[in-house]
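Worksheet: one structure, shown below.
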Amino acid sequence: MPTTTTTSPFWLGTSWKMTKTLAQAGDYADELRSAALAERVPPELRLFVLPATTTLAAVRERLGVVPQVFVGAQNAYPGPEGAVTGEVSMGMVRDAGARMVEIGHAERRTLLGETDELVAAKVAAAVSAGLIPLVCVGETAAERERGSTASVIAGQVHAALGGLGRLAPVELLVAYEPHWAIGAQGRAAAPDDVAEGLAAVRQVLDDELPDVHTGVLYGGSVDAGNAAGLAGGLAVEGLFVGRAAWTASGLLEIAHRCADAVRARSTTDQAIVRKDR
Ligand code: PGA
């Protein structure tokens, strides 16, 4: 059964959602590039930034070649290029510089009616286009109150993989983002709730994609104050941040908090291994 190893990079990324002009996006990319070139991005981390579609290509261009930082899209359409007004294809976002694509965020599921079927079609299309899917799953407050958190999450992950058929992703990420934890009205999940959600995701991934390199992330009101506590959870393979990383300095501050927690965690892991011998 695949487990987290201390050598796997810890994912830390942000979706800018519907924010930023070209000038603002360019400034953020410049700041991140300078930090990476000055080795101010901790080596344990793999960062990703998901700009709006209008600024994606500019961010890719301004970042230049910084292997530790991936750029991705927040969404793309699952079908081939052609007559679909207002959409962009997986191939188009890849052409604009995306290496990954976010799929099924709670805001899209609730505001735009994105269904499990559409999520599944997008995951398959992303893999076909050579993009890493970042699938978002999570329960609503009402589902949590009913005690169906784990089954809702497992159902969403299972559904998201349903279009893959014989397609084998090289890498696939799932972010557990409870709806009640996201945004200005949200509150970050407690470490026990995070562990429960991630375990539900991990179980489905290990059962259904045992040979694929997968990562499970937590998202929802992550900030510099709680990042270390969340990153310290043994099952947490990354954090997905919204508002608190909408400045490059915000992202970098969270990066340092995560790196400290990941380093402390690997010391604990080694101590456990030594004790087990
Ligand atoms: P937030 O957003 O950090 O602003 O709560 C998280 C997300 O939607 O991924």
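Quick caveat: nothing in here was measured; it's all calculated off a predicted structure. Atoms within each ligand, like the ligands themselves, are counted from 1 in listed order.
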- line: Scanning both residues in full, the closest heavy-atom pair of Glu171 with Ile132 reads O-CG2, 3.7 Å
message: Check for me whether Gly242 has a heavy atom closer than 4.0 Å to any atom of ligand 1.
response: yes
query: Does ligand 1 have an atom that lies less than 4.0 angstrom from a heavy atom of Gly183?
result: yes
Protein residue, atom and distance nearest to atom 2 (O) of ligand 1, heavy-atom basis: Lys17 NZ, 3.3 Å
- request: Flag the pair Trp16 / Tyr28 as yes when their ring centroid distance falls below 6.0 Å, and as no otherwise.
  value: yes
Least distance between heavy atoms, Ala73 atom then Ala98 atom: N-CB, 3.9 Å
field: ligand 1 atoms in contact with Glu177 (distance to a heavy atom under 4.0 Å)
entry: 7 (C), 8 (O), 9 (O)
message: I need the atoms of ligand 1 closer than 4.0 Å to a non-hydrogen atom of Ser221, numbered in the order shown.
response: 1 (P), 3 (O), 5 (O)
With Phe240, the ring-ring contact (aromatic ring centres under 6.0 Å, His included) member among Phe48, Phe10, Trp11: Phe48
Residue, atom name and distance, where the atom is the protein heavy atom closest to atom 4 (O) of ligand 1: Arg243 NE, 2.6 Å
- prompt: Taking Arg257 for the side chain and Ala224 for the main chain, is one N or O donor matched with an acceptor at less than 3.5 Å?
  reply: yes
